[in-house]
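One structure is given below, encoded as structure tokens.
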Amino acid sequence: MPTRRDLLILAVLVALAALIPLVTGMRYIVTQATLFFIWAIVVTQWNLVLGVGGIFSLAQMALFAVGAYSTAMLGYYFELPMLLAMPIAALVTVLVSTLVGAACLRLKGPYVALLTLAVAQMLYLLITNDTACFTNPPSGCMPFFGGVRGFTRFGDLGFRELLGGKWYVAHFYVGLFLLALAVLFSLAIIRGPMGLAFQALRDNPGCAMSRGVSKFKYQLWLFALSAFFTGLAGSFYAINFAAIGPTVFSISLLLFLMSMIVVGGIGTIWGPLLGALILMLTDEAMREFGDWRDIGLGLILAGFVIFLPRGLMGLPVARLPRLSGRRRAD
Amino acid sequence: METAAGDDQMEEPLLTCRNVSKHFGALAAVNNLSVKVKAGEVLGIGGPNGAGKTTLFEAISGLNPASSGEIIFQGRDITRLPPDAVCHAGIARTYQLNAGFDSMSVRDNVRVAAYFGRRNRRIPGFRFGSDSDAQVREALELVGLADKGDELTGRLPVVDRKLLMLAGALASNPKLLLMDEPVGGLNPKEIDLVMEVTRRIVGRGITIILIEHVMRFLVQLSDRVLIMHHGEKIYEGSPQGLVHDRNVVDVYLGEGASQRLGALMQQVSA
Ligand SMILES: Nc1ncnc2c1ncn2[C@@H]1O[C@H](COP(=O)(O)OP(=O)(O)O)[C@@H](O)[C@H]1O
Ligand SMILES: [Mg+2]
């Protein structure tokens, strides 16, 4: 169960973040913060899988895409209200994740990475290679999964109508709310029985098993449950940008997000959030350097892996109290 | 903790190993071994290093399943069960080397067994609940580690680590406890302490199989003794009979140790 101090830190962070739209009139800052919330949700959940469960999954962005595409398709084909489409999309993501997990979690580390990456690639090809027209709206031929162009105009949460040009402020708060829930969930996992089970499995797998801990079962649960917020983040991403296309499968985005976890501190509670913040700021600072930006991100990732593999949360200052949560994965 | 089966079930053994073998390549680490353990009994296992004692425990606990033969526990075939299922069936073990969860506090260490070891949890919970708190406290009190709950496992002295393994095993509420060299590497005072704790566990009605080289520990606690050599049983019978068995004296005890042991047993029974 989350400790009182974890909850206090979370409350303070949420309260501070909630002030952003009040102190800045710049739309760009608010919308970038919303994007930060979305990526932060993805990395807190990926961190659970990677750092807490020790599952080397590269399927996180594919799951994110499942959430985003489910939302868009439910809206586009069935005209479902987005408020309803969001939880349904999250549950669809959990279902897909359970199937992927059941297929690959009995494999050893590197094979899990390969298989999850293959699943992501399959989904990508399924979407982009399908060029047959499923419907023929005035805007042109529409493949079932949207093809390379993806989906637009599938609905929104109603804030554009309600608030006019200020709709993005409402999305900011929706994003913040979802992130707070996602962090609460990761706290409950890390501080609760599942976190203890995984810590035991890392410390001594044989001993953990003879004390009744089933590795496969808890990895599958973790993989399935963490997909809920990953799918929800994807769903909100699609709604926020009113568009979704196959670009979410890009490897550089996957690396960008993984760098957040590595820079912040894999397996820690607050590390991925810190990493997400730092990488988004760095990315912003390097925006003018064009191609050098990717190289810069690559250098940062390489530097951390070599010199600070436990991330910023692994620094002595961060480790003093139990800020970094239970011990990271090896 | 529940007490083990009473007298009425004595004729049905709690554990039966029937023709159990474990091969590592050409080596038969355990070779066609059969043994029965009654509920409430303490069976001691001795034998030279490499005799296959630990391998037998690995097979029973499911960590390294037997190559052939059957292991029956409470009438149920557990030969091929995975370790977590063996634990849920009611068998807990300790290890020859210090095995524990080094990055955890002593309390969390025991909590793993209390929470996950008692029954198969299909759905993971989000909190531990007060019953597991009580179970952890009870197990720590039983071994005398109640006031060390907050200490880090990796920093404990050897004797406390041995006691902690016992507490972890007990927290899963076992009917059968497998102890692998519980006093290996301890000094005489510490051995007495563990002996005392083991007697308490026996008093709870928990059936025990213990492996030990320290003969005074083995013979004083065991109702029955089994000696292994090259994976085979070379002796099974009373502790008193040990020193009179030519084979055991020759391959394991040696003349001197056997005489000292005989003297000790006379002293204890007197
Ligand atoms: N995992 C293993 N792989 C190969 N050989 C093993 C393995 N475990 C044990 N052995 C061998 O099996 C024999 C019995 O070992 P063990 O059961 O540990 O003996 P004991 O506990 O009686 O000292 C030894 O010869 C040992 O080298
Ligand atoms: Mg041994």
Side-chain angles (χ1 to χ4, degrees), chain A residues 1-4 6-7 48 51-54 98 106 181 184-226 228 267-268 310 319 322 324-330, chain B residues 57-58 60-64 81-95 97-105 107-129 132 152-154 164-165 167-174 178 180:
Chain A
M1 55 220 97
T3 65
R4 187 166 295 176
D6 298 326
L7 296 176
L48 287 181
V52 177
T98 308
R106 295 218 191 258
L181 288 185
L184 264 183
F185 173 74
S186 83
L187 277 171
I189 293 286
I190 294 178
R191 299 279 197 231
M194 284 234 260
L196 191 71
F198 288 117
Q199 191 180 5
L201 284 166
R202 284 196 297 272
D203 277 3
N204 192 327
C207 194
M209 287 189 283
S210 331
R211 293 286 181 259
V213 180
S214 158
K215 184 172 183 177
F216 175 76
K217 186 170 70 187
Y218 285 101
Q219 284 195 334
L220 188 58
W221 269 112
L222 186 66
F223 202 67
L225 291 177
S226 67
F228 184 84
T268 65
R310 305 176 69 173
R319 292 196 63 78
R322 282 185 31 156
S324 50
R326 291 194 203 278
R327 219 174 64 148
R328 62 171 199 119
D330 285 314
Chain B
F57 273 14
E58 297 279 311
I60 297 173
S61 60
L63 278 165
N64 209 340
L81 285 189
D84 50 310
V86 172
C87 172
H88 296 140
I91 301 179
R93 71 173 285 194
T94 66
Y95 296 80
L97 300 173
N98 291 324
F101 311 122
D102 283 8
S103 73
M104 289 185 197
S105 70
R107 188 174 296 112
D108 277 349
N109 229 293
V110 181
R111 199 189 300 279
V112 172
Y115 188 82
F116 294 102
R118 295 190 168 224
R119 60 190 174 86
N120 184 15
R121 292 177 183 270
R122 298 196 183 286
I123 301 172
F126 284 105
R127 44 192 319 153
F128 293 102
S132 85
L152 190 69
T153 301
L164 177 57
M165 275 198 282
L170 291 168
S172 68
N173 195 22
L178 311 176
D180 197 347

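Everything numeric here is computed off the predicted structure, so don't read it as measured data. Chain letters run A, B, ... following the sequence lines, proteins first and then strands; every chain starts at 1.
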Shortest non-hydrogen contact between [X] and [Y], atoms and distance:
| X | Y | value |
| --- | --- | --- |
| Met104(B) | Asp203(A) | N-OD2, 4.0 Å |
| Gly206(A) | Tyr95(B) | O-OH, 3.6 Å |
| Gly212(A) | Cys87(B) | N-SG, 3.7 Å |
| Arg211(A) | Phe101(B) | CG-CZ, 4.5 Å |

Less than 4.5 Å to any heavy atom of chain A: does that hold for the side chain of [X], its backbone, both, or neither?
| X | answer |
| --- | --- |
| Arg119(B) | neither |
| Ala169(B) | both |
| Val112(B) | both |

Stepwise side-chain contact (heavy atoms from CB on, under 4.5 Å) check, Arg122(B) with Trp221(A): CA-CA 10 Å; Arg122(B) 298 196 183 286; Trp221(A) 269 112; 5.9 Å; no
Contacting moiety of Phe185(A), where chain B heavy atoms sit under 4.5 Å: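 The side chain, not the backbone.
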I'd like to check [X] versus [Y] (side-chain heavy atoms, cut-off strictly below 4.5 Å). Are they in contact?
| X | Y | answer |
| --- | --- | --- |
| Lys217(A) | Asp84(B) | no |
| Phe116(B) | Ser214(A) | no |
| Pro82(B) | Met209(A) | no |

Non-neighbouring partners of Tyr115(B) that pass ring-ring contact (aromatic ring centres under 6.0 Å, His included), sequence neighbours left out: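 Partners of Tyr115(B) by the ring-ring contact (aromatic ring centres under 6.0 Å, His included) criterion, ordered by chain and then number, come out as Phe128(B).
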Contacts of type side chain to side chain donor-acceptor pair (under 3.5 Å), residue Gln219(A), not counting sequence neighbours: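 Listed in chain order: nothing, the list is empty.
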Residue, of Thr153(B), Ile91(B), Ile123(B), that accumulates the most heavy atom pairs under 4.5 Å with chain A: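 That would be Ile123(B).
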Among Gly62(B), Gly168(B), Ser172(B), residue most engaged with chain A (heavy-atom pairs, under 4.5 Å):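 Result: the option with the highest number of such pairs is Gly168(B).
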Separation of Leu97(B) CG from Cys207(A) SG (nearest 0.5 Å):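 Nearest 0.5 Å value for the SG-CG distance: 11.5 Å.
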Expected output: side-chain Asn204(A) to main-chain Ala99(B) donor-acceptor under 3.5 Å: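 No; zero donor-acceptor contacts below 3.5 Å.
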